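One structure is given here, and the rest of the page talks about it.
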Amino acid sequence: MALMNLAEHLLDLYDRQLRREARPDGPGCRVERAGDVVRQTGPGHAWNGVLWSGLDEHTADAAIAAQLAHYRAAGVPFEWKLYGHDGPADLGARLLAAGFAPEEPETLLAAEAAAQTGAVPLPDGVELREVTDAEGVRQVVEVHERAFGTDSSDLGRRLLDRLAADPGTVTAVLALADGVPVSAARLELYPGTDFAGLWGGGTVEEWRGRGLYRALVAHRARVAAARGHRWLQVDAAPTSRPILQRLGFLPLTTTTPYVHA
């Protein structure tokens, strides 16, 4: 299949399986279709927001107002996950006018899991370890906060929830240098779909450029393939997109989080 046709096929598959037919991604969360919008609502530390919309210039403003009212009643901030191919063409401008704040655009990439499973040599003294307990989650949060400079406490709570309630749907991995956590990432497994998602790959500054990111991709690809998921998907920041494209990941579209506090 030509790359352009493959990209179109994967985007259609992604839209159907992970957006229009999305399932809740944690305990206490629910996914519902409200008209031409698919959204998730859960606790304050969960991901709350719009996963998919099928809007046009006549229906967009009313749908935006309805989601604002819904999440205001729920008492949680939320995100409208806007993809480059979503309509209408000015949906981003309409969200901005409604009080949303856009974050940095990312690129949706995909690759066949089996093609990413090759061994990646690790630096001396570094080992990979899967996270199974609260101490491991604490170390993941520590790495994220050091790597990205953001408060990652909600991520820790979500990961603890998943490990307790449905451990088969998430795998978190740490890279430890002589026992010290220096890189971390997680794999979201979407039961009943062809996809597994790569999320949160981060390495502390002094360990970047030494192959840890690639090693974590390969480890998670092996888990995904073993669990029967053919494709990996990732929302790539500008810093990780070149690495992933060199590994063979294919760009499908862009995605921009529009956040409403």
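Just so we're clear, the structure is a prediction, and the values are computed from it rather than from any experiment.
- No donor-acceptor pair closer than 3.5 Å links the side chain of Arg230 to the backbone N or O of Ala113.
- Residues Val170 and Leu187 fail the side-chain proximity criterion, which asks for heavy atoms closer than 4.5 Å.
- The CG atom of Leu109 sits 11.5 Å away from the CD1 atom of Ile243 when rounded to the nearest 0.5 Å.
- Of the N and O atoms on the side chains of Asn48 and Glu79, not one donor lies less than 3.5 Å from an acceptor on the other residue.
- One hydrophobic cluster holds both Leu18 and Leu6 under the rule that ILVMFWY side chains link at heavy-atom gaps under 4.5 Å.
- Taking 4.5 Å as the limit, some side-chain heavy atom of Leu155 sits within range of a side-chain heavy atom of Arg186.
- There is a path of hydrophobic side-chain contacts, each under 4.5 Å, that joins Val182 to Leu122.
- The shortest side-chain heavy-atom distance between Val31 and Arg23 does not fall under the 4.5 Å cut-off.
- Asp166 and Arg162 are not joined by a salt bridge, as no carboxylate oxygen comes within less than 4.0 angstrom of a charged side-chain nitrogen.
- When all heavy atoms are compared, the tightest approach of Gly201 to Phe148 is O-CZ, 3.4 Å.
- Val50 belongs to a hydrophobic cluster with Val37, Leu55, Ile64, Leu68, Tyr71, Val76, Phe78, Trp80, Leu82, Leu91, Leu95, Phe100, Tyr258, counting contacts under 4.5 Å between side-chain heavy atoms of Ile, Leu, Val, Met, Phe, Trp and Tyr, direct or through other members.
- At a threshold of 4.5 Å between non-hydrogen side-chain atoms, the residues Lys81 and Leu51 do not count as touching.
- In terms of hydrophobic clustering, with Ile, Leu, Val, Met, Phe, Trp and Tyr side chains grouped at heavy-atom distances under 4.5 Å, Tyr83 and Phe195 are assigned to a common cluster.
- Under a hydrophobic clustering in which Ile, Leu, Val, Met, Phe, Trp and Tyr are joined whenever their side-chain heavy atoms come within less than 4.5 Å, directly or via other members, Trp199 and Val141 fall into different clusters.
- Open room surrounds CG on Asp124; 12 or fewer heavy atoms of other groups in view lie less than 6.0 Å from it.
- Residues forming a side chain to side chain contact (heavy atoms under 4.5 Å, CB included) with Leu160 (at least two apart in sequence, or on another chain): Ala134, Val137.
- Annotation: Glu205, atom CD; neighbour count of heavy atoms from other residues, nucleotides and ligands within 6.0 Å does not exceed 12.
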Quiz prompt | Stepwise side-chain hydrogen bond (donor to acceptor under 3.5 Å, both in side chains) test for Gln67 and His260 | solution = CA-CA 10 Å; Gln67 304 321 306; His260 200 284; over 6 Å; no
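- Under a 3.5 Å cut-off, the side chain of Arg208 and the backbone N or O of Thr203 do form a donor-acceptor pair.
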Practice problem: Decide side-chain contact (heavy atoms from CB on, under 4.5 Å) for Arg33 and Asp36; before the verdict, give the C-alpha distance in whole Å, the side-chain angles of both, and the deciding distance to 0.1 Å. | Solution: CA-CA 7 Å; Arg33 182 157 187 164; Asp36 292 319; 4.2 Å; yes
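- Not a single ring-ring contact (aromatic ring centres under 6.0 Å, His included) links Tyr190 to another residue, sequence neighbours left out.
- Rounding to the nearest 0.5 Å places CG of Asp56 at 4.0 Å from OG1 of Thr59.
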Quiz prompt | Criterion side-chain contact (heavy atoms from CB on, under 4.5 Å) on Asp86 and Arg19, from CA distance to verdict | solution = CA-CA 12 Å; Asp86 290 345; Arg19 299 184 70 201; 3.0 Å; yes
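- Using a 4.5 Å cut-off on side-chain heavy atoms (C-beta onward), Arg20 and Asp15 make contact.
- Between the side chain of Glu145 and the main chain of Ser152, a donor-acceptor pair closer than 3.5 Å is present.
- When atom types are taken as modelled, the side chain of Ser183 and the backbone of Gly202 share a donor-acceptor pair closer than 3.5 angstrom.
- Between the side chains of Arg39 and His70, at least one donor N or O lies within less than 3.5 Å of an accepting N or O.
- In terms of heavy-atom proximity, Ala184 sits nearest to Leu174 at CB-CD2, 3.8 Å.
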Quiz item: Stepwise, does the side-chain contact (heavy atoms from CB on, under 4.5 Å) test hold for Leu176 with Val126?
Solution: CA-CA 5 Å; Leu176 298 110; Val126 175; over 6 Å; no
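- The backbone N or O of Thr193 lies less than 3.5 Å from a partner atom in the side chain of His229, making a donor-acceptor pair.
- Pro238 approaches Pro105 most closely through the heavy-atom pair CD-O, 4.2 Å.
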Quiz item: Between Tyr213 and Leu244, does a side-chain contact (heavy atoms from CB on, under 4.5 Å) hold up when you go through it step by step?
Solution: CA-CA 10 Å; Tyr213 184 90; Leu244 292 164; 3.5 Å; yes
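- Each of Val223, Thr132, Leu163 was evaluated against Thr171; a single residue qualifies, Val223, per the side chain to side chain contact (heavy atoms under 4.5 Å, CB included) test.
- For the pair Thr254 and His85, the minimum side-chain heavy-atom distance is 4.5 Å or more.
- If you take CG on Leu232 and CG on Leu198, they are separated by 5.0 Å, rounding to the nearest 0.5 Å.
- Shown here for Leu216 and Ala185, the closest heavy-atom pair between the two residues is CD1-CB, 4.0 Å.
- Summarising the local packing, CZ of Arg129 is surrounded by 12 or fewer heavy atoms from other residues, nucleotides or ligands at distances under 6.0 Å.
- Pairing each heavy atom of Cys29 with each of Ala46, the nearest pair is SG-CB, 3.7 Å.
- One finds the CG atom of Leu11 at 7.0 Å from the CG atom of Leu108 (value rounded to the nearest 0.5 Å).
- In the model, Thr150 has no side-chain atom that pairs as donor or acceptor with a side-chain atom of His144 under 3.5 Å.
- A distance of 13.5 Å separates CZ of Arg16 from CH2 of Trp52, quoted to the nearest 0.5 Å.
- The closest donor-acceptor contact from the side chain of Arg146 to the backbone of Val204 lies at 3.5 Å or more, if one exists at all.
- The closest side-chain donor-acceptor pair between Gln40 and Asp25 falls under 3.5 angstrom.
- Pro251 is listed as a side-chain neighbour of Arg241, based on a closest heavy-atom distance under 4.5 Å.
- Thr107 OG1 to Leu252 CG: the interatomic distance, rounded to the nearest 0.5 Å, is 10.0 Å.
- Residues Glu104 and Pro257 share a closest heavy-atom pair of O-CD, 3.8 Å.
- A salt bridge does not link Arg220 to Glu130: none of the charged nitrogens lies less than 4.0 Å from a carboxylate oxygen.
- With hydrogens and angles ignored, the 3.5 Å screen pairs a side-chain donor or acceptor of Gln116 with a backbone N or O of Leu247.
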